[in-house]
Amino acid sequence: MRTGNERRDFIKQSLFLAGAAGVLASGLAPIAARAQVVSKPVRRPDRYEDSFIFERKPYTWPGNKTLAIWIAPNVEVWNYDSPVGVGVSPNSGNTVPDVINYGWREYGLRVGLWRFADVSDAAGVKATVALNSLVCEHYPKAVDEMKKRGWEFMGHGTTNSESLAGLNPEREREVIRSVLNTIEQATGRKPRGWLGSGLVETYNTLDILAEEGVTYCGDWNTDDQPYPMKVKTGKLFSIPYCMEINDIPLFIRKGYTGEQFRSVIDQFETLLADSKKQPRVMGIPLHPMITGQPLRIKYLQRAIAEMQKNDAVWFATGGEIIDAYQRAHPTG
């Protein structure tokens, strides 16, 4: 059993690593080999038009609502013989089986997800599930229960022990097509949305998704509104997933308490105020083994109840939000 001091050391180490990763990602870390060159252009993704939100034409969501909120639980499976996956305890040696972390993740499917179900049922809110396709094979009853509630399903890779990283286009297409077909067979409807495992993509992912009939993707956290993405064929829209209030960075990386889940309401209040000028979208990314724990679930319940008090709020699924966006932007 981990002692109090060891737990504190683990949290400190996690915060240090998260902070270091943030510094590296921000470009603030000194990299001697990368001297600036005046004539060299910055490489950009070229997947969307440059657009400042204050320049856009205002519109509203159905019923003249101004803030759309979608709740996105990630329902996932992991390989027992792999150390890969979010963890509640460090596994620096990549030891397998990683019983501590595997068991904690499994708790989400066995118990935590059904706390989500109780909360959403009581609130009358439908979730949009980011679903690993192998959940359909290993937990078909769980899929049936989610389906009974009218929840929407997004493709979320096969498992969360692997991602699309490094796949050539042919293999990536095969994986994406298999994920979509497996979920369609289990739920009766082909997923319209996609969230990459770990939000990982290749340079070809968006084109393949659009070609396979996916219409929205949560991987790109670049805006407070949906927007069209540039793809070779078809249509694909980005939808705000809101990583800042994802329960992994809040609870696992930053060590927030349940009471500090108030950050979700802080996000809500600002977006609600902003939505008086331009409509906004707020995603609430959740994981059953994290927010579905007994010490945290009441804070999610309270947050939803507080949001529902405002008449400007529209709780919707990802697909409903994208449909409404397209009606408001028939040429976009």
Side-chain angles (χ1 to χ4, degrees), residues 22 25-26 44-74 125-128 130 152 154 192-196 199 201 206 214-231 235-250 254 261-286 300 303-304 306-332:
S26 69
R44 303 185 62 205
D46 195 29
R47 285 294 187 174
Y48 44 82
E49 296 291 346
D50 289 332
S51 171
F52 299 127
I53 198 163
F54 65 83
E55 299 175 312
R56 302 172 197 166
K57 182 179 178 180
Y59 60 97
T60 58
W61 300 119
N64 288 321
K65 309 293 186 181
T66 60
L67 177 59
I69 299 176
W70 66 303
I71 298 176
N74 289 240
V125 171
K126 292 182 181 179
T128 305
E152 185 173 324
M154 297 187 289
R192 297 179 55 202
W194 182 270
L195 186 77
L199 278 67
E201 294 185 0
L206 297 177
V214 173
T215 56
Y216 69 92
C217 176
D219 293 346
W220 291 73
N221 290 273
T222 54
D223 214 296
D224 287 340
Q225 292 182 342
Y227 60 81
M229 305 208 75
K230 296 179 181 180
V231 290
K235 285 187 175 182
L236 185 68
F237 298 87
S238 174
I239 186 169
Y241 182 62
C242 301
M243 278 297 294
E244 283 286 336
I245 56 171
N246 187 321
D247 57 4
I248 291 178
L250 287 185
K254 297 178 182 178
F261 199 59
R262 171 74 202 184
S263 296
V264 172
I265 296 299
D266 294 337
Q267 178 105 345
F268 164 74
E269 289 174 346
T270 299
L271 287 174
L272 184 63
D274 289 344
S275 73
K276 294 177 181 178
K277 298 176 288 186
Q278 281 278 0
R280 308 285 165 140
V281 174
M282 176 174 166
I284 306 179
L286 301 168
L300 173 64
I304 292 174
E306 188 165 340
M307 295 173 197
Q308 286 186 315
K309 293 176 183 177
N310 197 291
D311 291 338
V313 171
W314 176 43
F315 277 89
T317 65
E320 289 170 339
I321 291 170
I322 295 305
D323 286 343
Y325 177 82
Q326 290 190 82
R327 288 194 296 270
H329 301 81
T331 61

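This chain uses plain numbering: 1 for the first residue, then up along the sequence.
Among residues two or more places apart in sequence or in another chain, the side chain to side chain donor-acceptor pair (under 3.5 Å) test is passed with T270 by none. For P73, the side-chain contact (heavy atoms from CB on, under 4.5 Å) criterion is met by I71, F116, A127, V129, not counting sequence neighbours. Remark: W220 engages E201 in a side chain to side chain donor-acceptor pair (under 3.5 Å) (not counting sequence neighbours). The side-chain contact (heavy atoms from CB on, under 4.5 Å) search around A316 returns W314, E320, I321, not counting sequence neighbours. Listed by chain and residue number, L199, Y241, M243 satisfy the side-chain contact (heavy atoms from CB on, under 4.5 Å) test with N221 (two or more places apart in sequence, or in another chain). Under the ring pair (Phe, Tyr, Trp, His ring centres under 6.0 Å) criterion, F315 pairs with no residue at all, not counting sequence neighbours. Scored by the side-chain contact (heavy atoms from CB on, under 4.5 Å) test, P58 finds Q278 as partners (sequence neighbours excluded). With sequence neighbours left out, T66 forms a side chain to side chain donor-acceptor pair (under 3.5 Å) with S275. When the side chain to side chain donor-acceptor pair (under 3.5 Å) test is applied to D323, the partners found at least two apart in sequence or on another chain are R192.
A heavy-atom distance below 4.5 Å is not found between the side chains of W70 and M282.
Sequence neighbours left out, the pairs with a member in residues 267-279 that pass salt bridge (Lys or Arg N to Asp or Glu O under 4.0 Å) are R262-E269, D274-R280. Residue pairs meeting the salt bridge (Lys or Arg N to Asp or Glu O under 4.0 Å) criterion with at least one partner in residues 48-64, sequence neighbours excluded, are R44-D50, E49-K230, R56-D223.
Side-chain contact check for E152 and T317: at least one donor-acceptor pair (N or O, by modelled atom type) lies under 3.5 Å.
Within the 6.0 Å centre-distance limit, the rings of Y227 and Y48 are counted as a close aromatic pair.
For K65, the NZ atom is densely surrounded, since the number of other residues' heavy atoms within 6.0 Å is greater than 12.
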